[in-house]
Number of protein chains: 2
Amino acid sequence: MHQAVIATVDIVFLTIHNGRLGVALSKRDKEPFQGGDALPGGYIHAQEDRDCLDAAVRILHEKTGILPPYLEQLQTFAGAARDPRGWSVSVAYFALVHYRVIESAHHPDVAIFPVDALRRLPFDHNDIIATAVDRIRNKAQYSSLPCHLAGETFTLPKLQKVYEACLGEALNKVSFRRKMQELAVLEAVPGQMETEGAHRPAQLYRLKAEFKNGLKSLARGL
Amino acid sequence: MHQAVIATVDIVFLTIHNGRLGVALSKRDKEPFQGGDALPGGYIHAQEDRDCLDAAVRILHEKTGILPPYLEQLQTFAGAARDPRGWSVSVAYFALVHYRVIESAHHPDVAIFPVDALRRLPFDHNDIIATAVDRIRNKAQYSSLPCHLAGETFTLPKLQKVYEACLGEALNKVSFRRKMQELAVLEAVPGQMETEGAHRPAQLYRLKAEFKNGLKSLARGL
DNA sequence: ATACTTAGTTGCATTTTGTAACTAATAGGC
DNA sequence: GCCTATTAGTTACAAAATGCAACTAAGTAT
């Protein structure tokens, strides 16, 4: 088949670190750019299904040891200029996870970098990351997407800080809570409060199960 | 290279026909599904660049004779079930054009079908079209995307009907005009009015040049 | 001239959004 | 125990955006 091409998956693995949106990069174990920080990526196997979700889950797990709670297709990048080995096509995904999940995996070759101060990365990875950041910033304006960055349970003030980190601007407390109310994706964890410091404790919330799109369904076969 | 895969492009070519959102399908000239109506599609050539835009422009031109005024990447579909020949990956695009452009190309193998009453199509083309329709319906709520369905010049009442066809619901005249005003993507064609019937003529508008994303830049090399 | 039809605007009621000021609940210092 | 500091969560109200009905405008047909 002369039309066959090299197809890869690259994953923009986003998290909130030190109050800023960050991307988890892994050290490349092969040439080109061996040893450089880059997006976790790999070849698509022709038996993997559900678009390239299966490949994305497998590759992210291989490179970081993490089964992502949230994974969504971003965009497909193709061209001759993106890889020194020649023309290639890459289906990019983005994953969202709470910082603690990356931390507790303590994979030696994975590190987090703030997305707004990235140095020049291999291939077209700066472009891919910029596209992912645009997407999440845009969706943060009207959707519950950033909730996946806040962990299993969280308080509303914590969640607001996550949204603020995504959007890069301060939000009004009342407006934010009204918006969350109307999105109707959260449920209070019964009785559970978070007490942290010398002040009124806050109610813990979690995503309702039907909005989780989680690890269980994504990770089948691993 | 055992990782090489078959990669294609499929294009959801949308237009407004008889006041409804329609998709232009072309008769397949090869097996499988020879003679059936399907999305215009074809193999990606490994020298084509700008993601798969070049391939999308070439393929749409081959199958319909049209250089699309507007083309945007939709999503990538992959899996074993979508093609009887086995696993494949397809980068889907959607194109928007005014009905007259398709009509005046009078390509014998191209026909327009309303998107909300499609019969079962080959491959996963029903899924791809549904995804495109979702995307345009969503973008019609806040963006100028449907303007590309309205032709070179159009009146505001005509444009409103295009938006209504996309969204599938009637819109308020004043609100619609306010929204268009604030999007600030239109300019009046100086002096030009459309007189059509026994009533007050309407002002003609067009997209400002910077929002066209047009044929000139897309069609290089054809 | 008058009636009819669609284009486009104006004024106002309704709804949504943003803000400040309030109350609530905790820990810690004295 | 009681006051203070601090953050959580609510309330009341002002400001802005949206939706609607009624208006004026400009043409053709009779």
Side-chain angles (χ1 to χ4, degrees), chain A residues 16 18-19 137-144 146-147 150-206, chain B residues 16 18-19 137-144 146-147 150-206:
Chain A
I16 304 287
N18 295 334
R137 278 209 221 289
N138 188 39
K139 286 208 174 185
Q141 289 173 340
Y142 61 88
S143 85
S144 59
C147 295
E152 271 297 299
T153 66
F154 42 82
T155 67
L156 286 182
K158 289 267 173 64
L159 184 62
Q160 184 173 345
K161 285 187 179 61
V162 169
Y163 270 79
E164 290 172 338
C166 289
L167 292 167
E169 63 180 0
L171 296 175
N172 179 272
K173 181 169 55 166
V174 178
S175 303
F176 175 74
R177 294 166 101 98
R178 264 197 294 241
K179 187 65 76 182
M180 279 301 137
Q181 179 105 260
E182 118 189 0
L183 283 175
V185 297
L186 300 184
E187 60 186 6
V189 183
Q192 288 250 54
M193 305 291 269
E194 186 189 70
T195 313
E196 196 174 73
H199 54 81
R200 178 175 176 174
Q203 176 65 55
L204 277 176
Y205 290 86
R206 63 180 164 224
Chain B
I16 304 289
N18 295 334
R137 278 208 222 288
N138 188 39
K139 286 209 173 185
Q141 288 173 340
Y142 61 89
S143 84
S144 60
C147 295
E152 271 298 298
T153 65
F154 42 82
T155 68
L156 286 181
K158 289 268 173 64
L159 185 62
Q160 184 173 345
K161 284 188 178 61
V162 169
Y163 269 79
E164 289 172 341
C166 290
L167 292 167
E169 63 180 1
L171 297 175
N172 178 274
K173 180 168 56 164
V174 178
S175 302
F176 176 74
R177 294 166 101 97
R178 264 197 293 242
K179 187 64 77 183
M180 279 300 136
Q181 178 105 263
E182 118 189 359
L183 284 175
V185 296
L186 300 184
E187 61 186 5
V189 184
Q192 288 249 53
M193 305 292 269
E194 186 189 70
T195 314
E196 196 173 73
H199 54 81
R200 176 175 175 173
Q203 176 65 54
L204 278 176
Y205 291 86
R206 63 181 164 223

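So that the names make sense, note that chain A is the first sequence line, chain B the second, and so on, each numbered from 1. Any value given below was found using the heavy atoms of this structure, including those in side chains, with hydrogens, waters and symmetry copies removed.
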Worksheet entry | ring pair (Phe, Tyr, Trp, His ring centres under 6.0 Å) partners of residues 170-192 of chain A, not counting sequence neighbours, each pair once |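 Listed once each, the pairs are A:Tyr163-A:Phe176.
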
Point to revise | Validation row: A:Thr155, A:Gln203 side chains within 4.5 angstrom (heavy atoms) | key: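 Contact flag for A:Thr155/A:Gln203 side chains = no.
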
query: Hey, are the side chains of A:Val185 and A:Tyr205 touching, using non-hydrogen atoms and a 4.5 Å cut-off?
result: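 Side chain of A:Val185 against side chain of A:Tyr205, heavy atoms only: no contact under 4.5 Å found.
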
With rounding to the nearest 0.5 angstrom, report the OG to CD distance, A:Ser175 to A:Gln160.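 Answer for the OG-CD pair, A:Ser175 versus A:Gln160, is 9.0 Å.
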
- Task: Under 4.0 Å from any heavy atom of chain A: name the first and the last nucleotide of DNA chain C that qualifies, 5' to 3'.
- Result: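 It runs C:dT17 to C:dA27.
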
Set of residues satisfying side chain to side chain donor-acceptor pair (under 3.5 Å) with respect to A:Asn138, sequence neighbours excluded: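 Once residues adjacent in sequence are excluded, A:Asn138 has no partner under the side chain to side chain donor-acceptor pair (under 3.5 Å) criterion.
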
Query raised in the report: Can you list the residues that meet the side chain to side chain donor-acceptor pair (under 3.5 Å) rule with A:Gln141, with sequence neighbours excluded?
Result: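 So A:Gln141 forms no side chain to side chain donor-acceptor pair (under 3.5 Å) with any residue.
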
Q. If you draw a 6.0 Å radius around CD in B:Glu169, do more than 12 non-hydrogen atoms from other residues or ligands fall strictly inside?
A.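 Enclosed: over 12 neighbouring heavy atoms sit under 6.0 Å from CD of B:Glu169.
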
Using only atom types and a distance under 3.5 Å, with no angle test, would you say the side chain of B:Arg137 pairs donor to acceptor with the backbone of B:Cys166?
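Here the side-chain-to-backbone pair exists.
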
B:Glu164 side chain to B:Ala170 main-chain N or O, any donor-acceptor pair under 3.5 Å?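 Not a single qualifying donor-acceptor pair exists.
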
Near DNA chain D, counting only heavy atoms under 4.0 Å, which residues of residues 158-182 of chain B show up?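 B:Asn172, B:Val174, B:Ser175, B:Arg178, B:Lys179 - these, ordered by number, are the residues of the stretch whose heavy atoms sit under 4.0 Å from the strand.
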
> Looking at B:Arg206 and B:Glu152, does any basic side-chain N land under 4.0 Å from a carboxylate oxygen?
Replying inline: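 Looking at B:Arg206 and B:Glu152, the cut-off is not met.
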
With sugar-phosphate taken as primed atoms, P, OP1 and OP2 and all else as base, the protein-contact string of nucleotides 25-30 of chain D at under 4.0 Å (heavy atoms; B, S, -) is BBBB--

